[in-house]
Amino acid sequence: MVVLIDFGGRAKLGPIFGGYSSQDENGHGTHVAGIIASDRYGVAKKARIISVKVMGGEPVSGYMSDFISGLEYVYKSAQRSNKQGRRSVVNISMNSPGRLKPVSDALAKIKNDVVLVVAAGNNAQALKNFSPANSPDVITVASSNISDQQVSLSNWGKGVDIFAPGEKITSLGFWNPNSYAITSGTSMAAAHVSGLAATFLTSHKYTTAQMRNKLIKYALKGVLSDIYDRMLVISYNCHLS
């Protein structure tokens with residue numbers, strides 16, 4: 001969930017799928033939304049944010065059935081918005097072990113109606129082992145640091161589409177309207193890419209596949225070092241700065 005501060009009235013609380021609190025219990029949602037679109041830190045400072053909560057608690061936990069319900073809501077909402085000329089990005093910062101067919105099917109259903117951006121995960125393992133990041137129908141984002149290296153905890157390997165900043169990222173805190181937090185993870189990297197995708201959508205409608213191609217086209221190439229499983233990801237060695 002997102003604390004509605006520093007968005008200039010552009011953020012609102014959306015639905016909750018599952019018996020979770022309506023509050024941001026750990027600051028993750030607020031921090032990610034702040035990277036995407038806040039007045040202070042956002043990449044897309046005019047984008048509108050709608051929170052869709054499918055997990056909760058501290059530590060965070062949830063059910064993939066709730067996640068799929070959230071995707072169904074996004075699908076129906078995006079269809080209405082598209083008719084009005086408004087385009088949408090879905091930022092997904094969660095993962096679960098395995099390749100889950102119900103999740104893959106839900107993502108495949110909406111990939112042409114919204115742009116799907118997914119964090120690679122922070123397991124320091126091969127991306128193929130985690131859903132939804134291992135879906136071919138999403139833009140999967142791994143994290144890099146200020147030294148242009150892959151962050152050690154970032155998942156890696158075939159299926160990573162692009163890298164973005166994900167270490168010691170400053171964004172909104174959730175304690176009070178003036179607070180900030182410095183956090184690391186592929187969630188932060190994915191949020192940067194979601195913000196950039198939102199800016200591209202202001203001029204043209206893109207499917208997820210089309211947006212992936214556009215992001216890779218404009219990304220810097222060949223600048224990262226210490227990439228694990230280099231033979232698998234060298235063609236995806238792109239970095240948003």
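Hydrogens, waters and symmetry mates play no part in the numbers below; they use all other heavy atoms, side chains included. Residue numbers count from 1 along this sequence.
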Trainee: Any idea which heavy atoms bring G56 and Y20 closest together, and the distance?
Mentor: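 Distance-wise, the nearest heavy atoms are N-CD2, 3.6 Å.
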Trainee: The test is side-chain contact (heavy atoms from CB on, under 4.5 Å); show your working for S104 and L107 and say whether it passes.
Mentor: CA-CA 5 Å; S104 297; L107 293 167; 5.7 Å; no
Trainee: Short question: side chain of Q84, backbone of S81 - any donor-acceptor pair under 3.5 Å?
Mentor: no
Trainee: Can you name the one residue among T140, N129, N123 that meets side-chain hydrogen bond (donor to acceptor under 3.5 Å, both in side chains) with N155?
Mentor: N123
Trainee: Over all heavy atoms of both residues, which pair between L127 and G159 is shortest? Give the atoms and the distance, please.
Mentor: CD2-C, 3.2 Å
Trainee: Output the distance between atom OG1 (T208) and atom CG (L116), rounded to the nearest 0.5 Å.
Mentor: 4.0 Å
Trainee: Report yes if the side chains of K111 and T207 come closer than 4.5 Å at any heavy-atom pair, otherwise no.
Mentor: no
Trainee: Is it true that a side-chain atom of H192 and a backbone atom of V43 form a donor plus acceptor pair closer than 3.5 Å?
Mentor: no
Trainee: Check for a donor-acceptor pair, side chain of R212 on one end and backbone N or O of D161 on the other, with a separation under 3.5 Å.
Mentor: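 No: the side chain of R212 does not pair with the backbone of D161.
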Trainee: Measure across Y206 and L201 and return the closest heavy-atom pair with its distance rounded to 0.1 Å.
Mentor: N-CD2, 3.7 Å
Trainee: Would you give the length of the straight line joining atom CE of M211 to atom NE2 of H204, rounded to the nearest 0.5 angstrom?
Mentor: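 M211 atom CE to H204 atom NE2 measures 10.0 Å (nearest 0.5 Å).
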Trainee: Nearest 0.5 Å please: distance from the CD1 atom of I50 over to the OG atom of S77.
Mentor: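 Spacing of CD1 (I50) from OG (S77) equals 5.0 Å.
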Trainee: Would you please test K205 and N82 for side-chain contact (heavy atoms from CB on, under 4.5 Å) and show each step?
Mentor: CA-CA 9 Å; K205 182 182 184 299; N82 287 338; 4.0 Å; yes
Trainee: Test side-chain contact (heavy atoms from CB on, under 4.5 Å) on Q150 and S144 and set out the steps.
Mentor: CA-CA 4 Å; Q150 177 181 302; S144 60; 6.0 Å; no
Trainee: Side-chain contact, heavy-atom cut-off 4.5 Å: M55 with E25?
Mentor: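 No, their side chains stay 4.5 Å or more apart.
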Trainee: Quick one: does S154's side chain have a donor or acceptor within less than 3.5 Å of a partner on V151's backbone?
Mentor: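 No, the answer is negative, given that no donor and acceptor are paired below the 3.5 Å cut-off.
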Trainee: Is the NZ or CZ atom of K53 both under 6.0 Å from the centre of the six-membered ring of F17 and within 45° of that ring's axis?
Mentor: no
Trainee: Hey, does the side chain of S135 reach the backbone of D137 with a donor-acceptor pair shorter than 3.5 angstrom?
Mentor: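 Between the backbone of D137 and the side chain of S135 there is a qualifying donor-acceptor contact (under 3.5 Å).
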Trainee: If you measure from CD1 on I169 to OH on Y180, what distance do you get to the nearest 0.5 Å?
Mentor: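 Between I169 CD1 and Y180 OH, I get 14.0 Å after rounding to 0.5 Å.
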Trainee: Sub-3.5 Å donor-acceptor pair from the side chain of S203 to the main-chain atoms of F200, do we have one?
Mentor: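 Flag set: sc S203 to bb F200 pair under 3.5 Å.
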Trainee: Drop me the distance from I35's CD1 to Y41's OH, to the nearest 0.5 angstrom.
Mentor: 10.5 Å
Trainee: Are there more than 12 heavy atoms of other residues, nucleotides or ligands under 6.0 Å from atom NZ of K128?
Mentor: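 No, because the 6.0 Å sphere around NZ of K128 holds 12 heavy atoms or fewer from other groups.
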Trainee: With a 4.0 Å cut-off on N to O distance, would you call K109 and D105 a salt bridge?
Mentor: no
Trainee: Hey, which of V89, I36, V90 is the one that makes side-chain contact (heavy atoms from CB on, under 4.5 Å) with V117?
Mentor: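 With V117 as partner, V89, I36, V90 yield a single side-chain contact (heavy atoms from CB on, under 4.5 Å), made by V89.
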Trainee: Quick one, H28 with S187, criterion side-chain hydrogen bond (donor to acceptor under 3.5 Å, both in side chains). Give me CA distance, side-chain angles, the key distance, then yes/no.
Mentor: CA-CA 9 Å; H28 181 272; S187 294; 3.0 Å; yes
Trainee: Strictly distance-based, threshold 3.5 Å: is any side-chain N or O of K45 a donor or acceptor partner for the main-chain N or O of G42?
Mentor: yes
Trainee: Minimum heavy-atom separation for A133 to V138, with atom names?
Mentor: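 Smallest heavy-atom distance, with atoms named: O-CG2, 4.2 Å.
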Trainee: Quick one: do L224 and I146 end up in the same hydrophobic cluster if we chain Ile, Leu, Val, Met, Phe, Trp and Tyr together by side-chain heavy atoms under 4.5 Å apart?
Mentor: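 No, it is not one cluster - the side chains of L224 and I146 are not joined through contacts under 4.5 Å.
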Trainee: If you take all heavy atoms of V160 and A142, which pair is closest and at what distance?
Mentor: CG1-CB, 3.8 Å
Trainee: Would you check if the side chain of S93 reaches a backbone N or O of A119 as a donor-acceptor pair within less than 3.5 Å?
Mentor: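 Not at all, since once roles are kept as given, no pair shorter than 3.5 Å links the two residues.
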Trainee: Same cluster for L71 and V60 if Ile/Leu/Val/Met/Phe/Trp/Tyr side chains link at under 4.5 Å?
Mentor: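 Yes, because L71 and V60 connect within a single hydrophobic cluster, where side-chain heavy atoms sit under 4.5 Å apart.
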Trainee: Side chain of R40, backbone of D6: donor and acceptor closer than 3.5 Å?
Mentor: no
Trainee: Identify the heavy atoms of D24 and G29 that sit nearest to each other, and give their distance.
Mentor: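 Heavy atoms only, the tightest pair is OD2-N, 3.7 Å.
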Trainee: From M188 CE over to K168 NZ, what is the distance, rounded to the nearest 0.5 angstrom?
Mentor: 15.0 Å
Trainee: Using a 4.5 Å cut-off on heavy atoms from C-beta on, say whether the side chain of D113 contacts that of Y75.
Mentor: yes
Trainee: Please test D39 against R10 for side-chain contact (heavy atoms from CB on, under 4.5 Å), starting from the C-alpha separation and ending with a verdict.
Mentor: CA-CA 10 Å; D39 290 336; R10 295 176 289 107; 2.9 Å; yes
Trainee: Look at the side chain of S184 and the backbone N and O of E167, then say whether any donor-acceptor pair between them is shorter than 3.5 Å.
Mentor: no
Trainee: Do the non-hydrogen side-chain atoms of L215 and L196 ever get within less than 4.5 Å of each other?
Mentor: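 Answer yes - side chains close enough.
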